[in-house]
Amino acid sequence: MIPYARQSISKLDIEMVTSALNQEMITTGPLVDKFEEQLSGYLGAETFVVNSGTAALHCAYFGIGIESGDEIITPANTFIATQATAANLGAKIVFADVDKKTGLISLDSVRSTITSRTKAIVLVDFAGQPCDIDEIRNLIGSRKIFVIEDAAHSIGSLYKGRKVGSLADITTFSFFATKNITTGEGGAVSTNNQTIYQRAKRFSRQGLVREDEEFVLDTEGPWHQEVHEFGLNYRLTDFQCALGLSQLARIEEFKRSRKYIFERYRKLLIENQNIRLLEVKEYSDSMWHLFPIFVDSDIRLPLFKHLRSKNIGVQVNYFPAHLHPVFRRIPFSNSPCPNAESFYKEEISLPIHAGVTEENVDYIVKTVEDFFK
Ligand SMILES: *Cc1c(COP(=O)(O)O)cnc(C)c1O
């Protein structure tokens, strides 16, 4: 089976992890700081690491101070973690539809869902292609609304030459095994807002306050630390950070191979009348996470089964978040998202990762073509 996604683990990756396991501290040690420092430098924004992309979103929402009743606008075409973490803080989830050609949040839909209670708009960089954040900022104008970027797919991507991670008020990443770089499980939060950074990071470390000048209680000794707001334990281990450091050093190599595979698929499939491809925006230089194709909804399942039977590990991204049964119990603005629904019904993701060879791509394309013969 050619997996639809797969981690790329080098000999050096393994050596780095092994060496980290021999250190004095295997968690909350120096490699955490080092990974955070390198990520901050790479992304161009202050960054801290956590143990999943879901944790990163939870911290981001806490960081901007989401409270019960705040509305957050999210695209329907995403993984449920985008919504679940905000809902867990009491936010009212508002769904925006997506652009049919890109799967990215639709500007018109955002315009029609903004209210005076909107606290944040969440951009999900579907397939690795950044959302048009300048357009979103224009739309927000002088309103006090945060822009959160769920960049689980898009570490390494550029928007108008600028790095994803340095664009939104707060950006979250996932280092799950299928993502562009991995620590097994893991994630990160980046922001250039010092107040948000402090709040979000503290939340990921049990809410512990360690700074003398912020203590409310009299300190009885150097061991003293205190909690002002509840947090959780979202820490990442040192041996995972060792892998993260080694993976980050390979990110441009990963980007080149993902781009190469994406472009080869595109070149071979663009003339095919039976399938449609994602629209590629001129403003983007993407580290492609997915290669989605679209077919008429009545042949999506037969084609999916055909490809699986030929050992091609296809997937479907995403079951529209607003259709999950959980949203029937949570009050939310039940705006219909017809584009996200048809997008889902027509979509199949072909394998793309550093281990996909040119021969794999040619075989997959030929297998797709054979299906229509
Ligand atoms: C993977 C993913 C997440 C969650 O990340 P985990 O590390 O699996 O918790 C969130 N949002 C999107 C869009 C994702 O693809």
Side-chain angles (χ1 to χ4, degrees), residues 3-7 35 39 47-62 72-89 91 93 95-96 98 102-105 120-131 133 147-157 164-165 168 170-190 200 203-204 232-237 240-241 243-244 247-248 258 278 286-292 315-322 324 326 337 340 343-344 347 349 352-353:
Y4 106 96
R6 191 182 193 284
Q7 67 281 4
F35 189 31
L39 276 170
T47 305
F48 66 89
V49 294
V50 291
N51 54 24
S52 73
T54 305
L57 283 160
H58 201 188
C59 294
Y61 293 135
F62 187 87
I72 68 150
I73 298 175
T74 67
N77 176 40
T78 184
F79 182 58
I80 192 71
T82 311
Q83 283 89 14
T85 42
N88 269 307
L89 289 168
I93 308 300
F95 285 100
V98 298
T102 58
L104 302 175
I105 200 163
I121 298 169
V122 186
L123 311 181
V124 176
D125 298 336
F126 180 76
Q129 178 157 252
C131 295
I133 193 165
V147 179
I148 298 179
E149 192 163 357
D150 177 345
H153 297 188
S154 60
I155 191 167
S157 294
V164 165
I170 187 159
T171 307
T172 65
F173 300 94
S174 165
F175 305 139
F176 181 61
T178 59
K179 304 291 163 76
N180 293 353
I181 62 169
T182 187
T183 57
E185 300 281 355
V189 179
S190 68
F203 183 71
S204 75
L232 292 162
N233 172 8
Y234 280 153
R235 295 186 302 256
L236 194 64
T237 64
Q240 287 174 293
C241 289
L243 181 55
Q247 291 264 305
L248 186 60
R258 285 179 174 275
L278 204 67
S286 300
M287 174 147 171
W288 291 104
H289 175 62
L290 299 173
F291 190 90
Q315 268 296 353
V316 167
N317 303 87
Y318 282 102
F319 180 73
H322 66 295
H324 280 286
V326 68
C337 298
F343 194 90
Y344 158 69
E347 202 264 358
S349 301
I352 183 167
H353 51 89

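Just follow the structure's listing: the first ligand is 1, and inside any ligand the first atom is 1. These numbers come from the heavy atoms of this one structure, side chains and all, not from hydrogens, waters or symmetry mates.
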Could you list each N/O atom of ligand 1 together with any protein N/O atom closer than 3.5 Å, one pair per line with the distance?
unit_1   : atom_1 : unit_2 : atom_2 : d
ligand 1 : 5 (O)  : S174   : OG     : 3.4
ligand 1 : 7 (O)  : G53    : N      : 2.7
ligand 1 : 7 (O)  : S174   : OG     : 2.7
ligand 1 : 9 (O)  : G53    : N      : 3.3
ligand 1 : 9 (O)  : T54    : N      : 2.9
ligand 1 : 9 (O)  : T54    : OG1    : 2.5
ligand 1 : 11 (N) : D150   : OD1    : 3.4
ligand 1 : 11 (N) : D150   : OD2    : 2.8
ligand 1 : 15 (O) : H153   : NE2    : 3.0
ligand 1 : 15 (O) : K179   : NZ     : 3.1
ligand 1 : 15 (O) : Y318   : OH     : 3.1

Who are the ring-ring contact (aromatic ring centres under 6.0 Å, His included) partners of F173, not counting sequence neighbours?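 Listed in chain order: nothing, the list is empty.
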By ring-ring contact (aromatic ring centres under 6.0 Å, His included), which residues pair with F48, not counting sequence neighbours?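 Once residues adjacent in sequence are excluded, the partners of F48 under the ring-ring contact (aromatic ring centres under 6.0 Å, His included) criterion are Y197.
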Run the ring-centre check on F343 versus F126 and record whether the distance is less than 6.0 Å.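 Yes: the rings meet the under 6.0 Å criterion.
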Would a line drawn from the ring center of F35 to the ring center of F175 be shorter than 6.0 Å?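 Ring centres of F175 and F35 closer than 6.0 Å.
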Those residues that, when tested against T183, pass side chain to side chain donor-acceptor pair (under 3.5 Å) (two or more places apart):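 Counting only residues at least two positions away or on another chain, T183 forms no side chain to side chain donor-acceptor pair (under 3.5 Å).
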Mind checking whether F62 and F203 have parallel, tilted or perpendicular rings, split at 30° and 60°?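 The arrangement is parallel - the two ring planes meet at less than 30°.
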